[in-house]
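Values below: every heavy atom of this structure, side chains too, minus hydrogens, waters and symmetry copies.
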Amino acid sequence: MADLAKPSRTVRTKVLECVKACKCLVCDAEAGPRRGLCARHYQMYRQEFLSMSKKRRAEFEMTQIKRGKILSPHQICDIKRESPFTA
């Protein structure tokens, strides 16, 4: 279900800029391949995520994606992938 979630229109531009610049969506530090977050913020996200019941995890993840705090799984690849067919 998180694969279908996208950032809201108000934060979409910031998310795209951060991903293309390889910056963390939260703090502008260098981001690794972990859903658009630096190691520190990814660890914080995972701790929060794993502390919740399985029912609440999906809702939490969708909310964070819509707020532009994390990327949906594999979204970083979709954004960074250069199409050979675009001008």
Side-chain angles (χ1 to χ4, degrees):
M1 191 160 30
D3 286 335
L4 302 175
K6 295 187 181 195
S8 66
R9 289 181 186 180
T10 56
V11 297
R12 192 171 296 153
T13 304
K14 179 189 181 292
V15 169
L16 290 173
E17 288 173 2
C18 287
V19 170
K20 291 191 182 224
C22 296
K23 300 289 183 184
C24 176
L25 295 171
V26 178
C27 69
D28 290 334
E30 187 174 333
R34 295 184 180 109
R35 301 190 72 174
L37 300 174
C38 63
R40 177 176 170 245
H41 284 110
Y42 182 74
Q43 187 64 30
M44 291 170 72
Y45 162 75
R46 290 297 296 166
Q47 286 176 336
E48 186 72 25
F49 181 80
L50 294 174
S51 71
M52 298 178 176
S53 66
K54 289 186 179 182
K55 288 183 180 181
R56 291 207 46 230
R57 287 179 184 178
E59 180 183 334
F60 172 74
E61 186 173 31
M62 295 281 281
T63 302
Q64 298 307 313
I65 292 169
K66 287 180 182 177
R67 290 177 59 206
K69 299 295 181 184
I70 62 168
L71 298 174
S72 60
H74 310 294
Q75 185 179 4
I76 197 163
C77 295
D78 294 339
I79 293 171
K80 285 188 168 185
R81 186 177 303 134
E82 296 283 331
S83 173
F85 304 106
T86 56

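Taking CG from Leu16 and NZ from Lys20, the interatomic distance works out to 6.5 Å, rounded to the nearest 0.5 Å. With values rounded to the nearest 0.5 angstrom, Lys66 atom NZ is found 12.0 Å from Thr10 atom OG1.
Of all heavy-atom pairs between Leu37 and Tyr45, the closest is CD1-CB, 4.2 Å. Taking both residues in full, the closest heavy atoms of Lys69 and Val26 are given as O-CG2, 4.1 Å, listed atom of the first, atom of the second, then distance. Here the closest non-hydrogen pair linking Gly68 and Val15 is CA-CG2, 3.8 Å. Annotation for Leu25 and Lys14: closest pair O-NZ, 2.9 Å, computed over non-hydrogen atoms. Closest non-hydrogen pair, Lys23 versus Asp28, comes out as CD-O, 3.2 Å. The two residues Arg35 and Ile65 have their closest heavy-atom pair at NH2-CD1, 3.9 Å.
Side-chain contact between Ile70 and Glu61: present, with at least one pair of heavy atoms (C-beta onward) separated by less than 4.5 Å.
Counting heavy atoms of neighbouring residues, nucleotides and ligands inside a 6.0 Å radius, atom CZ of Arg12 exceeds 12 of them.
Ala29 pairs by the side chain to side chain contact (heavy atoms under 4.5 Å, CB included) definition with Cys27, Cys38, not counting sequence neighbours. Applying the side chain to side chain contact (heavy atoms under 4.5 Å, CB included) test to Met52 and every residue at least two apart in sequence or in another chain returns Glu48, Arg56, Arg57, Phe60.
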